[in-house]
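Both counts, for ligands and for their atoms, begin at 1 and track the order of listing. It should be emphasised that the depicted structure is a prediction, and the values quoted were computed from it without experimental measurement. Quick note: numbers below take in every heavy atom, side chains included, and nothing from hydrogens, waters or symmetry partners.
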Amino acid sequence: MVNFEKSIPAGIDLVDAILKLKREKNAVILAHYYQEEEIQDIADFIGDSLELARAAQKSTADRILFAGVHFMAEGAKILNPSRKVLLPDLRAGCSLSDSCPPAKFAKFRETHPDHFVVTYINCSAAIKAQSDVICTSSNAVKIVKRVLAEFGQDKPILFAPDRNLGAWVAKEVGREMTLWQGACIVHETFSERRLIELKVQNPDAEIIAHPECEPSLLSKADYIGSTSALLNHVIQSPTKKFIVATEEGILHQMRKRAPEKELIPAPPNNSNCSCNECPFMKLNTLEKIYAALLNDGPEVTVPAEIAEKALKPLQRMLDWSV
Ligand code: 13P
Ligand code: SF4
């Protein structure tokens with residue numbers, strides 16, 4: 001294992017050193033909202049998965065340092081293959097992506113040969129390569145509606161890997177889909193009972209939730225959306241208080257961009273754990289970002305054959321969500 005501490009000279013100002021290295025190496029830092037606050041603060045661009053994919057595709061920097069998780073970095077590499085994509089810690093995976101192993105998914109598809117395969121971006125490149133179109137939490141409803149408009153209202157759809165997002169989209173679109181039974185460990189952690197107790201104590205608060213949460217929790221939400229959608233809702237809504245059911249990294253941008261609003265993180269089942277922190281996203285640190293820029297690695301690559309197949313559904317998503 002790499003000893004990150006060893007690469008850091010004593011007494012160094014890490015933020016200054018990262019910004020200097022970033023200029024020297026012509027690198028851009030793309031960060032997801034679930035990153036630690038200090039990482040969000042040095043990023044060139046912060047966004048939800050769709051916005052990050054777009055930013056990666058149009059980047060002209062030599063290096064894209066992805067402060068996020070592995071599937072996001074893979075997506076950047078597929079969309080912009082001539083750039084070097086760095087991920088500060090290659091162990092930054094995703095429980096949702098892991099819940100959909102490529103060989104098992106291939107078998108599942110074989111049992112549904114007539115289905116159109118819509119896949120949530122939180123999956124590996126090997127799963128994307130088996131998909132007809134990709135979606136994110138911000139465009140999933142739009143993408144499924146477009147599939148039905150293009151291929152007929154009766155077209156059967158297989159949605160993977162998130163059963164909660166899939167169930168929510170099916171409800172919004174008003175038709176059933178065959179769902180792969182994957183889930184996110186962070187979004188399934190919220191306690192419906194404790195959320196209701198919190199709402200009773202704060203009747204003036206709006207509950208806002210990410211669609212990866214379980215259907216029973218989503219049924220209590222006043223507003224459901226991607227991380228960017230939740231952020232914009234907090235900024236624009238006249239409501240003053242919000243109970244936020246998603247990974248708590250997003251609270252940093254909410255506090256920065258809407259300082260007058262009161263934000264209460266939704267409570268996890270176990271009050272003694274910080275389960276609403278994504279353990280994968282939180283593997284990235286300023287030290288590892290510095291080391292990644294200095295060492296030009298770890299680099300994320302995608303085998304050419306998989307990248308070629310995965311690009312088609314990714315590009316289709318981008319074309320359909322303009
Ligand atoms: P967003 O696309 O809403 O940012 O979600 C990404 C994610 O991993 C949620 O768990
Ligand atoms: Fe994956 Fe969940 Fe972490 Fe998002 S919050 S990256 S879905 S494990």
Side-chain angles (χ1 to χ4, degrees), residues 30-36 39-40 43 45-56 66-76 87-100 118-124 127-128 134-143 159-166 168-169 180-190 208-214 217-218 221 223-234 244-254 265-266 268 273-284 300 314 317-318 321:
L30 306 184
H32 188 265
Y33 292 118
Y34 295 165
Q35 291 298 290
E36 298 284 6
I39 296 180
Q40 294 189 37
F45 184 85
I46 317 171
D48 68 9
S49 304
L50 179 63
E51 293 162 342
L52 287 167
R54 284 203 183 108
F66 221 115
V69 289
H70 195 267
F71 75 80
M72 295 178 173
E74 269 188 340
L87 186 66
D89 189 327
L90 284 180
R91 296 168 304 164
C94 166
S95 65
L96 189 47
S97 177
D98 291 346
S99 70
C100 196
V118 181
T119 307
Y120 186 35
I121 200 163
N122 295 36
C123 65
S124 63
I127 296 293
K128 289 185 177 79
I134 308 300
C135 70
T136 73
S137 56
S138 68
N139 63 17
V141 171
K142 189 175 185 174
I143 295 288
F159 189 95
D162 189 12
R163 62 176 173 227
N164 296 326
L165 176 67
W168 176 69
V169 172
W180 178 268
Q181 294 299 311
C184 158
I185 47 164
V186 180
H187 288 86
E188 287 215 323
T189 201
F190 298 114
I208 61 172
H210 195 277
E212 285 176 22
C213 295
E214 287 181 331
L217 193 129
L218 291 179
Y223 182 82
I224 298 167
S226 75
T227 49
S228 281
L230 297 179
L231 173 62
N232 290 332
H233 182 72
V234 166
V244 185
T246 192
E247 212 271 1
E248 62 179 42
I250 187 73
L251 298 179
H252 179 54
Q253 288 306 316
M254 289 175 174
C273 83
S274 47
C275 322
N276 45 0
E277 278 191 4
C278 173
F280 307 103
M281 289 277 184
K282 284 348 194 219
L283 281 172
N284 296 322
V300 170
L314 260 174
M317 168 188 80
L318 294 173
S321 36

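- Those atoms of ligand 1 with a heavy atom of Asp48 less than 4.0 angstrom away are 1 (P), 2 (O), 4 (O).
- Side-chain contact check for Ser226 and Ser228: no donor-acceptor pair (N or O, by modelled atom type) lies under 3.5 Å.
- In summary, the atoms of ligand 1 found under 4.0 Å from a heavy atom of Ser226, numbered by their order in the structure, are 3 (O).
- In this structure a side-chain-to-backbone donor-acceptor pair under 3.5 Å is missing from Gln253 to Ile250.
- The ligand atoms of ligand 1 that sit less than 4.0 angstrom from a heavy atom of His210 are 1 (P), 3 (O), 5 (O), 9 (C).
- Although no hydrogens or angles enter the test, the distance criterion places a donor-acceptor pair under 3.5 Å between the side chain of Gln40 and the main chain of Gln35.
- Inclusion of Ser137 in the set of residues having an N or O under 3.5 Å from an N or O of ligand 1 is warranted.
- With sequence neighbours left out, Phe45 forms a ring-ring contact (aromatic ring centres under 6.0 Å, His included) with no residue at all.
- Contacts between Tyr34 and ligand 1 below 4.0 angstrom, taking non-hydrogen atoms only, involve the side chain exclusively.
- Taking only non-hydrogen atoms, the option from Asn122, Ile185, Leu231, Asn139 nearest to atom 7 (C) of ligand 1 is Asn122.
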Dump the intermediate steps for side chain to side chain contact (heavy atoms under 4.5 Å, CB included) on Arg163 and Glu188, then the final yes or no.
CA-CA 11 Å; Arg163 62 176 173 227; Glu188 287 215 323; 3.1 Å; yes

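- Going from atom CG of Leu52 over to atom OG1 of Thr227 covers 8.0 Å, rounded to the nearest 0.5 Å.
- Counting the atoms of ligand 2 from 1 in the order shown, those under 4.0 Å from a heavy atom of Glu212 are 2 (Fe), 7 (S).
- For atom 3 (Fe) of ligand 2, protein N, O or S atoms under 2.8 Å: 1 in total.
- Near Ser49, the atoms of ligand 1 lying under 4.0 angstrom from a non-hydrogen atom of the residue are 1 (P), 2 (O), 4 (O), 5 (O), 6 (C).
- Tyr223 and His233 have parallel rings, their planes meeting at less than 30° on a 0 to 90° scale where 60° marks the start of perpendicular.
- Using a 4.0 Å cut-off to heavy atoms of His187, the atoms of ligand 1 that qualify are 10 (O).
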Taking it one step at a time, do Leu90 and His70 satisfy side chain to side chain contact (heavy atoms under 4.5 Å, CB included)?
CA-CA 7 Å; Leu90 284 180; His70 195 267; 4.3 Å; yes

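- At a 3.5 angstrom cut-off on N or O pairs, Thr227 counts as close to ligand 1.
- Not a single side-chain hydrogen bond (donor to acceptor under 3.5 Å, both in side chains) links Glu248 to another residue, sequence neighbours left out.
- Scanning the protein heavy atoms around atom 9 (C) of ligand 1, the nearest turns out to be Glu212 OE2, 3.1 Å.
- Between the side chain of Ser321 and the main chain of Asn139, no donor-acceptor pair closer than 3.5 Å is present.
- Within the structure, ligand 1 lacks Glu247 among the residues with a heavy atom less than 4.0 angstrom away.
- Within the structure, ligand 1 lacks Thr136 among the residues with a heavy atom less than 4.0 angstrom away.
- Applying the ring-ring contact (aromatic ring centres under 6.0 Å, His included) test to Trp168 and every residue at least two apart in sequence or in another chain returns nothing.
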